[in-house]
Amino acid sequence: MKDSRTLSAAILAVGIICLGWYIKSAIDNFANKDRKVVVKGLAEREVEADKVTWPIVSKEVGNDLPELYNRLAVMQQKIKTFLMRNGIKDGELTVNAPQVVDLQAREYSDNNRSYRYIITSVITVTSPNVAQVRGILARQGDLLKEGVAVVDGGYENQVKYEYVSFKEMKPKMMQEAIQNAEKTAQQFAENSHSSLDKIVSADQGQFSIDNRDDNTPYIKKVRVVTTVTYSLKD
């Protein structure tokens, strides 16, 4: 009988010890479940644009519309010859339909003008050879020698530089951003006398592509910022 009571007491003691351990573990888990650190990781690259779009705008004015179209055709041919002589391929050129403005048809037009029509031509160069096109841009004054005046295209017809190979570098930049986030989180954990645990959540990162500055729009700054949440443990 005595041995039976001793065995029962031992089993009870072991049960109490196990219960205490489980309770402690549960308390520790509850206490640590909200111990998190949220950090941001940044990755940046400077790259050269790999696509350029150059709208070449020219105008003719006059009163005889058929004559204006003939002059426009001659002007367009001179521009195309100039471009192709400097290495632009025919497939990189797009000739847009000319736009005609009849000043007399406008309700509030100035009838004192010496001409009635304004005809606008836009020939667009789209090319991956950015350096080549930039060189031609610097020499477009040569068109003046051939009697072709290239005018300012305004906001709608600006030279546009793009970086279209962005998708190829996106995975590596995301990886670098997450690694930088982990370094920041690791430093935070050390400062708080904790250890970094697993990733609780992470976003896909916010990417942006901007001009490096106003003077070099053909050099782009690619930037990604990602937010990562890590759990901490003692």
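Just so we're clear, the structure is a prediction, and the values are computed from it rather than from any experiment. Below, all heavy atoms of this structure are taken into account, side chains as well, without hydrogens, waters or symmetry copies.
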Does the N157 side chain pair with the main chain of V57, one donor and one acceptor, at a distance under 3.5 Å? no

Less than 4.5 Å apart, any side-chain heavy atom of I136 and any of F82? yes

So V224 and M174, do their side chains get closer than 4.5 Å, heavy atoms only? yes

What is the distance from atom CD of Q76 to atom OG of S58, rounded to the nearest 0.5 Å? 7.0 Å

Should R223 and D210 count as side-chain neighbours, where that means a heavy-atom distance under 4.5 Å? no

Do T229 and K36 have a side chain donor and acceptor closer than 3.5 Å? no

Let's go through N211 and I219 carefully: what are the C-alpha distance in whole Å and the side-chain angles of both, what is the deciding distance for side-chain contact (heavy atoms from CB on, under 4.5 Å) to 0.1 Å, and is it a yes or a no? CA-CA 6 Å; N211 297 339; I219 299 179; over 6 Å; no

Please tell me whether V74 and L143 are part of a single hydrophobic cluster in this structure, the criterion being side-chain heavy atoms less than 4.5 Å apart. no

The reported gap from CD in E48 to CD in E46 (rounded to nearest 0.5 angstrom) is 10.0 Å

Quick check for you: to the nearest 0.5 Å, what is the distance between E60 atom CD and E67 atom CD? 9.0 Å

Are the side chain of T226 and the backbone of D203 linked by a donor-acceptor contact shorter than 3.5 Å? yes

CE of M84 to CG of L93: how many Å apart, nearest 0.5 Å? 6.5 Å

Determine the minimum heavy-atom distance between K233 and L196, stating which atoms define it. CE-O, 4.3 Å

All heavy atoms of A49 vs all of Y161, minimum pair found to be CB-CB, 3.8 Å

Determine whether W54 and Q158 make a side-chain contact, defined as any pair of heavy atoms from C-beta on separated by less than 4.5 Å. no

Using modelled atom types only, decide if a donor and an acceptor are shared between the side chain of R71 and the backbone of V61 within a distance under 3.5 Å. yes

Taking N180's backbone N and O only, do any of them form a donor-acceptor pair with T184's side chain (distance below 3.5 Å, no angle check)? yes

Quick one: does any side-chain atom of Q140 pair with a main-chain N or O of L137 as donor and acceptor, under 3.5 Å? yes

I'd like to know if the side chain of E92 and the backbone of K89 have a donor-acceptor N/O pair within less than 3.5 Å. yes

Look only at the side chain of D102 and the backbone of Y117, and say whether a donor-acceptor pair between them is shorter than 3.5 Å. no

Trace of the side-chain contact (heavy atoms from CB on, under 4.5 Å) decision for V159 with T53: CA-CA 6 Å; V159 180; T53 303; over 6 Å; no

Of all heavy-atom pairs between R45 and E176, which one has the smallest distance, and what is that distance? NH1-OE1, 2.6 Å

Indicate yes or no for a side-chain donor-acceptor contact from N129 to the backbone of Q132 under 3.5 Å, with no hydrogens or angles considered. no

So, taking the atom named CE in M75 and the one named CG in N70, what distance separates them when rounded to the nearest 0.5 Å? 12.0 Å

For a 4.5 angstrom cut-off between non-hydrogen side-chain atoms, does K51 reach T126? yes

Check against side-chain contact (heavy atoms from CB on, under 4.5 Å), T94 and I123: CA-CA 6 Å; T94 302; I123 296 178; over 6 Å; no

For E44 versus L42, what's the shortest heavy-atom pair and its separation? CG-CD1, 4.0 Å

When you group the ILVMFWY residues by side-chain heavy-atom contacts below 4.5 Å and let the links chain together, are V151 and L83 in the same group? no

Side chains of Y69 and I119: closer than 4.5 Å at any heavy-atom pair? yes

Using only atom types and a distance under 3.5 Å, with no angle test, would you say the side chain of S194 pairs donor to acceptor with the backbone of S192? yes

Return the CG to OG distance between N63 and S114, rounded to the nearest 0.5 Å. 7.5 Å

Within the supplied structure, the quantity of interest is the number of heavy atoms (other residues, nucleotides, ligands) at a distance under 6.0 Å from Q179 CD; does it exceed 12? yes

For A43 and A177 the tightest heavy-atom approach is CB-N, 3.9 Å

Looking at E146, I'd like to know if its CD atom is crowded, meaning that more than 12 non-hydrogen atoms belonging to other residues, nucleotides or ligands lie closer than 6.0 Å. yes

Residues S121 and L72: closest non-hydrogen pair is CB-CD1, 3.2 Å

Going by heavy atoms in the side chains, are L103 and I118 under 4.5 Å from each other? yes

With a 4.5 Å limit on heavy-atom distance, are the side chains of K220 and F166 in contact? no

Any chance CD of E168 has more than 12 other-residue heavy atoms, nucleotides or ligands included, within less than 6.0 Å? no

Step by step, would you call D197 with Y230 a side-chain contact (heavy atoms from CB on, under 4.5 Å)? CA-CA 6 Å; D197 202 2; Y230 292 88; over 6 Å; no

